[in-house]
Amino acid sequence: MDIISDTDQMQQRALAEKRAGRSIAFVPTMGFLHDGHLSLLQEGRRRGDLLVLSIFVNPAQFGPQEDLSSYPRDMERDLAIARQAGVDLVWTPTPEAVYPPGYATWVDVEGLTDTLCGASRPGHFRGVTTVVCKLFNVVQADVALFGQKDFQQLAVIRRMTIDLNLPVEIVGLPIVREADGLAMSSRNVYLSAAQRQQALVLSQALAVAQLMVQNGVTSAEEILTTLRRLIKAKPEARIDYLQICHQQTLQDQVAIDTDSVLLMAVFVGKTRLIDNGFLL
Ligand code: PAF
């Protein structure tokens, strides 16, 4: 497995691979890999001749009050996981290489980024789309793999890829959960044992919503009212947003249909967790 930190070297290598007729599958990450990332790497291994993983904690997608400096990092462990997953090349750029002095170009997807995480974290998606666009350009990816846990991120990246005619196939893969239902996230390490228990309320809320729909409830408000009560019963949980939206437009829905997705962001203590799932 090759490890490259230099951007030009990464791009030259990618161009050489393409000239040699090899396809490139790409998994962009911020590191601190878990089984969710592993599922992306395994699928990437199947889809590309060369499997590239990037590890870059992107400062541009963190707000001033967010956890950039404390974001969990463990490069040695990540590299061991990457090696085991059959990654060919790990790219670990520095913030100075991605955003050198004088950097002035940003990618902004309008509309889809106004709601949900976009409303709670102003500027977050501008940082995500900018870095993902740059990563795609350097890595020359044919296919890029993302987790559906970041449901809005996936929708925004799909939109950007279409709008900017980027020649990359975007693949979204299902949420990977712990045995007790908690969606895997690098941020789960922030949770104390007691908070970890209360964090289960997110996957429980999803299960309750799905059951209500199975039992014939079609009113989004009725479901949301029940879920709000459930989540508020947990002393350390604070709802950031709880919405039932159309899976493509991300607009709120009044009645449940096959496009309905429940989207949640809940603080448990100081840790902001997200989860989602289809209702039908
Ligand atoms: O989902 C993530 O880990 C990040 O948002 C991404 C896509 C790697 C961009 O920094």
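The residues of the chain are indexed from 1 along the displayed sequence. Order of listing sets the numbers, starting from 1, for every ligand and every atom in it.
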Under 4.0 Å from any heavy atom of [X], which atoms of ligand 1 are there?
{"X": "V131", "value": "9 (C), 10 (O)"}
{"X": "P28", "value": "8 (C)"}
{"X": "Q153", "value": "1 (O), 2 (C), 4 (C), 5 (O), 7 (C)"}

- Message: What I want to find out is whether R177 reaches D275 closely enough, with some N-O distance under 4.0 Å, to be called a salt bridge.
- Response: yes
- Query: Does one side chain, of D8 or Q11, offer a donor that lies under 3.5 Å from an acceptor on the other?
  - Reply: no
- Give a yes-or-no answer on whether the side chains of D142 and S23 include a donor-acceptor pair shorter than 3.5 Å. no
- Give the contacting part of T29 toward ligand 1: side chain, backbone, both or neither, where contact means a heavy-atom distance below 4.0 Å. backbone
- Could you check atom 3 (O) of ligand 1 against the protein and tell me its nearest heavy-atom contact, residue, atom and distance included? M30 CG, 3.7 Å
- Taking atom 9 (C) of ligand 1 as the reference point, the nearest protein heavy atom with its distance: Q61 OE1, 3.3 Å
- Taking only residues two or more places apart in sequence, or in another chain, which ones meet Q248 in a side-chain contact (heavy atoms from CB on, under 4.5 Å)? H246
- Item | Residue pairs fulfilling side chain to side chain donor-acceptor pair (under 3.5 Å) with at least one residue in residues 196-220, sequence neighbours excluded | D180-R196
